[in-house]
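In this text the structure is predicted, and so the values were computed from the model without any measurement.
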There are 2 protein chains.
Amino acid sequence: MEKLDHIDRRILAILQRDASLSLEDLGERIGLSRNAVWRRVRALEESGVIRARVALLDPEKLGLGLTVFMMIRAERHTPDWLEKFTRATRDMPEILGAYRMTGDLDYLIRARVADVKAFDRLYKDLIARVELHDVSSSFVMEETKETTALPV
Amino acid sequence: MEKLDHIDRRILAILQRDASLSLEDLGERIGLSRNAVWRRVRALEESGVIRARVALLDPEKLGLGLTVFMMIRAERHTPDWLEKFTRATRDMPEILGAYRMTGDLDYLIRARVADVKAFDRLYKDLIARVELHDVSSSFVMEETKETTALPV
DNA sequence: AGTGAAAGATTATCGGA
DNA sequence: TCCGATAATCTTTCACT
């Protein structure tokens, strides 16, 4: 947790939506010289508040039209099982998020695939890698929101 | 859905993990001149396969240590309700994802907040904006995976 | 925090495979 | 058509005020 002032927050708000802006433009928007901005951005990168700069791709254009959530109950509750699950999800590129949860739902997986057929392959692949006690999958019909921008 | 060759895919795989690389470096990694790479990247941007370049922030460092999923059943199944829900989730910056689902779970929300107290505020805010029939919330104890990189 | 200049990266144009 | 080279332009970085 860092101490960020109002200007830092404005910089972050802009950069997490569009990091292709030049320092010149960024400075203009927040009313600072490119240099003052440059120093702040640099500090934000060094402190790790800015973790990375990445390109966001369009899933539809890559033929990944279907988002799936899998609600999972574990077969066994052991460190070994958790490690296997973690490794399996890391190794499967269709899986974008994997979460250990509170409540009677043990684990939740968020994945992107081409279609229902591709999901079935993902499902079979997953159960071949880790023993799952109970899995219930839901498909996303509509994404009404999906962002990487955190509240600043 | 676009026709992408092997080299395009390699470029995308790299850029969606690190878009801070220079064209020089990128070209070196895939064995092309910076110029050839530049043309490909540009084409990928123009066709919309690359949707944006953004900065990814560290949620912990921003004091957003808690990820929450809210499973929701709608009060009414009308276009009007859906529109209200959509607007509410769009307007609430803590909500990162909102999905209309198949199955008896109607809607799913993914959000980031500081702590349980902040979640309670988010919850109250949400039910003040849209009528929800049934909400069940689960907290994330551990994120074993979380990526913006799609399989290419 | 801002200015100006050097270093570095990006984009446009052209000739060749 | 796609690649690579060269040159013009724009961006980032840094010393100085």
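Using a 4.0 Å cut-off between charged side-chain N and carboxylate O, B:D106 and B:R100 make no salt bridge. A salt bridge does not link A:D18 with B:R53: none of the charged nitrogens is closer than 4.0 Å to a carboxylate oxygen. Classification of B:E94 and B:R121 as a salt-bridged pair fails, no side-chain N sitting under 4.0 Å from a carboxylate O. Ion pairing between B:D91 and B:R87 fails under the 4.0 Å rule for side-chain N and carboxylate O. The existence of a salt bridge linking B:R112 and B:E143 is confirmed by a sub-4.0 Å separation between a basic side-chain nitrogen and an acidic carboxylate oxygen. Residues B:R29 and B:D25 are not paired through a salt bridge, judged by the lack of any N-O separation under 4.0 Å between the basic side chain and the carboxylate.
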Report all interatomic pairs (protein N or O, nucleotide N or O of nucleotides 15-17 of chain C) with separations under 3.5 Å.
none

With the criterion being N/O to N/O and under 3.5 Å, what pairs connect the protein with nucleotides 9-11 of chain C, and how long is each?
from: C:dT10; atom 1: OP2; to: B:L23; atom 2: N; distance (Å): 2.9
from: C:dT11; atom 1: OP2; to: B:W38; atom 2: NE1; distance (Å): 2.7
from: C:dT11; atom 1: O5'; to: B:W38; atom 2: NE1; distance (Å): 3.3

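Of the residues in residues 3-16 of chain A, not one comes within less than 4.0 Å of DNA chain C through any heavy atom.
First and last contacts of DNA chain D with chain B, using any nucleotide atom under 4.0 Å from a protein heavy atom and ordered 5' to 3', fall at D:dC3 to D:dT6.
Remark: A:F85 pairs with A:W81, A:Y107 by the ring-ring contact (aromatic ring centres under 6.0 Å, His included) rule, at least two apart or across chains. Checked against side-chain contact (heavy atoms from CB on, under 4.5 Å), A:A149 has the following partners two or more places apart in sequence or in another chain: A:Q16, A:R17, A:T147.
Between the side chain of B:K84 and the main chain of B:E131, no donor-acceptor pair closer than 3.5 Å is present.
The 12-atom threshold is not exceeded at CZ of A:R73, counting heavy atoms of other residues, nucleotides or ligands nearer than 6.0 Å.
Between A:L26 atom CG and C:dG2 atom P the separation is 13 Å, expressed in whole Å.
Taking both residues in full, the closest heavy atoms of B:T89 and A:K145 are given as O-NZ, 2.9 Å, listed atom of the first, atom of the second, then distance.
Ring to ring, A:F139 and A:F69 are not that close: their centroids are 6.0 angstrom or more apart.
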